[in-house]
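Residue numbers run from 1 in the order of the sequence given. We use all heavy atoms of the structure for the numbers below, so side chains are in, but hydrogens, waters and symmetry mates are not.
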Amino acid sequence: MNESFGGLGLGHVDFAEAAYRIGQADASTGLVYVMHVGAAQTISLFGNDDQKERWLQANNGALLGTYSTSERATGGHWWYNLSEASRDGHDYLLNAEKSFTTSSGQADFYVVQTRSPGAKDQNDIVFFIVDGKSEEHRIQALGCARCPRQSLRSHPVQQCAGAAA
C-alpha cells in the first residue's frame with residue numbers, strides 16, 4: 001500500500017512473502033493479515049480522500065479492517081452475492097447477511113461487498129465501508145478457535161452516497 005496511507009510502498013511479491021511467513025508462524029494471524037491488507041488496499045485504490053483519511057490514517061494507521069464478502073446462501077462464494085444494496089434518496093441501504101467474516105466483532109471497519117442497486121448480473125458489485133464500532137450491525141458468532149471469524153448481519157445500515165467505495 002502507498003506510504004502516504006501508512007503502507008510500506010512495497011509490491012505484490014513482498015505482500016505474498018509477508019503473508020507466507022506470517023502464515024508459517026500462525027495461519028490464523030496470516031489470514032487476519034491478508035484480509036486486513038485487502039480491505040485497506042481496496043480503500044487505498046478506490047476510496048475518496050475522506051475515506052482514506054478516516055480509515056487508513058486514523059490512529060496512525062492502527063485500525064484493523066477486513067473484507068466481508070461471502071454469503072451462506074451462495075455456499076460462501078467470494079464474488080457471488082444474492083444480497084443487493086438499495087437506494088434511499090442519496091443514501092444507500094445495506095441489508096445483508098455475510099458469512100465467515102475474518103476478524104468479525106474485532107475489526108474497526110469492514111469492506112462489505114454486495115450487488116449494486118438494480119444489478120443486472122453478478123458482476124455488478126459495489127463495496128461499502130461499514131464502521132465496525134457502530135451499533136448499526138449485529139454480529140452472529142459462527143466460531144473459530146484462534147481467529148474471530150463470524151457472520152456479519154446488517155439490518156439496514158444506512159450509508160451516505162459518499163461512503164460507497
Side-chain angles (χ1 to χ4, degrees), residues 1-2 5-7 12 15 19 28 30-58 61 63-144 147-165:
M1 186 164 54
N2 189 311
F5 301 118
H12 293 20
F15 166 71
S28 293
L31 180 60
V32 169
Y33 171 73
V34 168
M35 298 305 277
H36 168 73
V37 171
Q41 185 70 350
T42 299
I43 296 171
S44 175
L45 291 172
F46 302 107
N48 61 35
D49 290 339
D50 178 62
Q51 293 165 336
K52 292 173 187 178
E53 183 177 323
R54 180 174 180 189
W55 301 111
L56 303 180
Q57 296 176 319
L63 297 180
L64 175 64
T66 193
Y67 274 125
S68 187
T69 59
S70 60
E71 297 178 359
R72 184 182 348 202
T74 65
H77 293 285
W78 181 266
W79 289 109
Y80 181 64
N81 295 129
L82 295 178
S83 65
E84 183 176 316
S86 61
R87 294 299 300 246
D88 182 23
H90 294 296
D91 296 335
Y92 289 93
L93 293 176
L94 176 61
N95 188 7
E97 183 173 351
K98 300 294 183 173
S99 60
F100 247 39
T101 300
T102 302
S103 303
S104 189
Q106 306 299 314
D108 296 296
F109 65 90
Y110 301 87
V111 175
V112 180
Q113 173 190 298
T114 190
R115 291 173 28 162
S116 300
K120 302 290 185 225
D121 63 47
Q122 293 301 320
N123 295 320
D124 190 359
I125 59 173
V126 64
F127 290 91
F128 292 92
I129 303 167
V130 175
D131 185 340
K133 303 305 178 193
S134 78
E135 297 298 319
E136 296 282 317
H137 65 274
R138 185 175 84 200
I139 306 299
Q140 274 194 326
L142 294 178
C144 181
C147 119
R149 233 180 343 178
Q150 305 170 0
S151 64
L152 174 76
R153 177 176 289 169
S154 40
H155 295 282
V157 175
Q158 189 166 11
Q159 300 286 322
C160 66

Thinking salt bridges, do Asp108 and Arg54 make one under a 4.0 Å N-O criterion?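 Salt bridge flag = no for Arg54 with Asp108.
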Pairwise salt bridge (charged side-chain N to carboxylate O under 4.0 Å, His left out) hits with a residue in residues 75-86, at least two apart: Glu84-Arg115
Not counting sequence neighbours, list each pair that qualifies as a salt bridge (charged side-chain N to carboxylate O under 4.0 Å, His left out) and has a residue in residues 117-129.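 For residues 117-129: none.
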Give me the atom names and distance for the closest heavy-atom approach of [X] to [Y].
X	Y	value
Tyr80	Gln113	N-NE2, 4.5 Å
Lys98	Glu71	NZ-OE2, 2.8 Å
Asn81	Gln122	O-OE1, 2.7 Å
Gly65	Ala39	C-CB, 4.1 Å

Go through Thr42 and Tyr67 one step at a time and tell me if the side chain to side chain contact (heavy atoms under 4.5 Å, CB included) criterion holds. CA-CA 9 Å; Thr42 299; Tyr67 274 125; 2.5 Å; yes
Is the shortest side-chain heavy-atom distance between [X] and [Y] below 4.5 Å?
X	Y	answer
Thr69	Val112	no
Val34	Thr102	no
Ser104	Thr66	no

Rounded distance (nearest 0.5 Å) linking atom [atom1] of [X] with atom [atom2] of [Y]:
X	Y	atom1	atom2	value
Trp55	Tyr110	CH2	OH	11.0 Å
Ile43	Leu56	CD1	CG	5.0 Å
Glu97	Arg72	CD	CZ	5.0 Å

Option among Ser68, Ser86, Ser83 that satisfies the side chain to side chain donor-acceptor pair (under 3.5 Å) test with Thr114: Ser83
Taking the ring centre of each residue, are Phe128 and Phe109 less than 6.0 Å apart?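 Not under 6.0 Å, so no.
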Under 3.5 Å donor-acceptor, Glu53 side chain and Asp50 backbone: no
